[in-house]
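Below you'll find the structure, written out as structure tokens, and then a few comments.
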Amino acid sequence: MGILGAALRTGFTEITRRMATLVSLRNGQKMPQLGLGTYLALKGECEDATKYAIDIGYRHLDTAFSYNNENEVGKAINAKIAEGVVKREDIFLVTKLSAIHHDPEHVERACRMSLRNLGLDYIDLYLMHTPFGMEFHGDEDTAPKNSAGEMLFSNTDYLDTWRAMEPLVEKGLVRSIGVSNFSSHQLTRLLANCSVKPVANQVECNPGINQAPLRTYCAKNDIALIAFSPLGRPHYAAKDPKFPKPALLDDRVIAMAKKYGKTPGQIVLRFLVQLGTTPVPKSSNKERMKDNLEIFDFELSPEDLCVMQSFNTGERTCPFTAFTTHKYFPFHEEF
């Protein structure tokens with residue numbers, strides 16, 4: 001076992017070095033402070049990417065019913081459990097209640113459907129994907145539209161949806177519940193009218209929109225802020241010069257990367273971690289997936305943090321423009 005044992009120990013040490021630090025949620029649950037996002041993961045690539053992610057040390061995995069890849073994420077998790085790479089309790093799995101399932105009568109059924117898709121007994125964190133709901137026209141149609149191509153909204157109050165989510169914790173279907181894309185005003189209303197308080201709010205957060213007021217609000221109310229699109233969608237910017245240019249393409253960040261011996265993406269992710277957020281970058285590229293994990297062995301100086309703060313414009317790369325007329329559209333508020 002000598003050489004093999006040494007190789008195994010070396011591999012274990014390497015994975016341990018890359019493991020994300022843990023964030024304590026308000027209910028005592030521990031969440032790794034960096035996750036793998038799976039939004040827009042191509043069919044067929046998501047399972048392989050998730051398996052690789054688990055192999056190299058990812059323990060926080062983020063999906064959603066509307067991403068249409070819960071089954072691939074679940075297959076990867078179960079395969080790695082069967083191989084003995086991880087135990088179920090090692091994985092922090094996040095999925096989301098779709099906007100079409102906001103009617104209270106759909107909530108538990110939708111959660112159980114996600115569990116079947118995933119092939120798991122429980123979900124670690126179940127998020128209400130948006131504060132606004134949409135009409136239900138079957139589980140497959142997650143973006144229902146009328147003949148003119150306009151989104152079909154529902155008027156279900158997100159408070160009613162939340163009250164239907166609360167029993168999921170008692171029933172053991174989920175360990176924690178939270179929200180996504182909620183404004184501070186909506187969070188305040190929710191906190192004043194709930195029995196189970198949200199442990200997290202997942203929102204777009206990157207150097208271009210660093211969410212300073214919302215981060216302060218969430219910290220004050222013991223709500224973890226999970227950052228989606230943490231790198232600012234560079235693939236969109238490459239196709240459209242009018243699209244917000246992500247910080248990782250800026251010369252100042254490139255120079256900073258050389259200074260620390262890191263990549264520009266690692267600089268951005270480290271910045272978000274030092275702000276206290278939990279980034280969930282999406283990637284299926286093995287080298288970038290590995291790079292994204294290797295951000296816990298250095299810190300940005302106060303001066304470099306100031307440079308990163310200067311990129312903030314408040315401009316969203318995911319503005320939900322098709323929903324601006326919905327009564328529960330979140331981004332009319334300042335934060």
Side-chain angles (χ1 to χ4, degrees), residues 1-23 25 29-97 108-127 139 168-169 171-176 226 278 280-294 296:
M1 180 80 178
I3 295 175
L4 177 59
L8 289 172
R9 285 194 298 274
T10 300
F12 180 76
T13 301
E14 178 67 12
I15 290 173
T16 302
R17 186 181 68 79
R18 290 199 299 266
M19 296 289 278
T21 55
L22 299 175
V23 175
L25 303 178
Q29 202 176 7
K30 305 291 185 182
M31 176 177 69
Q33 202 180 2
L34 186 126
L36 177 73
T38 62
Y39 176 59
L40 295 182
L42 298 177
K43 191 170 184 180
E45 78 171 11
C46 184
E47 182 178 350
D48 288 341
T50 305
K51 284 179 179 177
Y52 178 74
I54 294 170
D55 281 339
I56 64 171
Y58 282 86
R59 296 297 179 260
H60 177 166
L61 306 172
D62 183 273
T63 182
F65 180 84
S66 63
Y67 297 173
N68 199 30
N69 60 18
E70 286 178 323
N71 60 335
E72 293 195 46
V73 173
K75 284 179 182 177
I77 294 171
N78 282 300
K80 291 303 167 183
I81 291 173
E83 290 174 23
V85 176
V86 290
K87 298 176 182 177
R88 172 63 186 93
E89 57 266 29
D90 297 329
I91 298 294
F92 187 90
L93 187 280
V94 181
T95 193
K96 307 175 190 80
L97 177 77
E108 182 173 332
R109 184 183 66 82
C111 180
R112 291 184 181 276
M113 189 160 40
S114 286
L115 285 168
R116 286 196 300 274
N117 290 343
L118 292 159
L120 299 175
D121 294 329
Y122 67 90
I123 294 161
D124 293 277
L125 176 57
Y126 197 45
L127 303 177
D139 296 314
L168 303 178
V169 180
K171 293 179 180 182
L173 301 178
V174 306
R175 296 287 169 89
S176 298
I226 303 172
T278 296
V280 285
K282 184 269 173 184
S283 183
S284 298
N285 178 288
K286 289 185 176 181
E287 194 59 36
R288 281 198 292 271
M289 289 167 69
K290 182 172 172 287
D291 285 346
N292 290 346
L293 264 186
E294 295 180 344
F296 297 96

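Summarising the geometry of Leu36 relative to Ser283, their closest heavy-atom pair is CD1-O, 3.7 Å, with the distance given to 0.1 Å. Annotation for Phe296 and Leu34: closest pair CZ-CB, 4.0 Å, computed over non-hydrogen atoms. Contact detail for Cys46 and Val73: the closest heavy-atom pair is SG-CG2, 3.7 Å. Taking all atoms of both residues into account, the shortest heavy-atom contact from Lys96 to Thr63 is NZ-O, 2.7 Å. Across every non-hydrogen atom of Cys111 and Ile123, the tightest pair is SG-CD1, 4.1 Å. The two residues Pro32 and Ala20 have their closest heavy-atom pair at CB-CB, 4.1 Å.
Here Asp48 does not pair with Lys286 in a salt bridge; the nearest charged N to carboxylate O distance is not below 4.0 Å. The pair Lys282-Asp62 fails the salt-bridge criterion, with no side-chain N (NZ, NE, NH1 or NH2) lying under 4.0 Å from an Asp/Glu carboxylate O.
Here the side chain of Asn69 pairs no donor or acceptor atom with the backbone of Leu40 at under 3.5 angstrom. In this structure a side-chain-to-backbone donor-acceptor pair under 3.5 Å is present from Glu72 to Gly44. A side-chain donor-acceptor contact under 3.5 Å links Tyr58 to the backbone of Met289. Side-chain atoms of Arg109 do not come within 3.5 Å of backbone N or O of Arg112 as any donor-acceptor pair.
Distance check: Thr278 OG1 to Gln33 CD gives 4.5 Å after rounding to the nearest 0.5 Å. Separation of atoms CG (Leu97) and OG (Ser66) is listed at 10.0 Å; rounding is to 0.5 Å. From Glu70, atom CD reaches atom CG of Leu118 across 5.0 Å, with rounding to the nearest 0.5 Å. In this structure, OG in Ser176 is found 11.0 Å from OH in Tyr122, a value given to the nearest 0.5 Å. In this structure, CG on Leu173 lies 12.0 Å from CG on Leu120, to the nearest 0.5 angstrom. In this structure, the separation between CD on Glu108 and CG on Leu115 is 10.0 Å, given to the nearest 0.5 Å.
Put simply, the residue from Ile54, Asp90, Val86 that forms a side-chain contact (heavy atoms from CB on, under 4.5 Å) with Ile77 is Ile54. The only option from Val23, Val94, Leu93 that meets the side-chain contact (heavy atoms from CB on, under 4.5 Å) definition with His60 turns out to be Val94.
Asp121 CG: 12 or fewer foreign heavy atoms inside a 6.0 Å radius. Atom CG of Asp291 is surrounded by more than 12 heavy atoms from other residues, nucleotides or ligands within 6.0 Å.
Met31 places a side-chain heavy atom less than 4.5 Å from the side chain of Ile226. For the pair Tyr39/Val280, no side-chain contact is recorded, criterion being any heavy-atom separation below 4.5 Å from C-beta on.
A cation-pi arrangement, defined by a distance under 6.0 Å to the six-membered ring centre and an angle within 45 degrees of its axis, is absent between Arg175 and Phe92.
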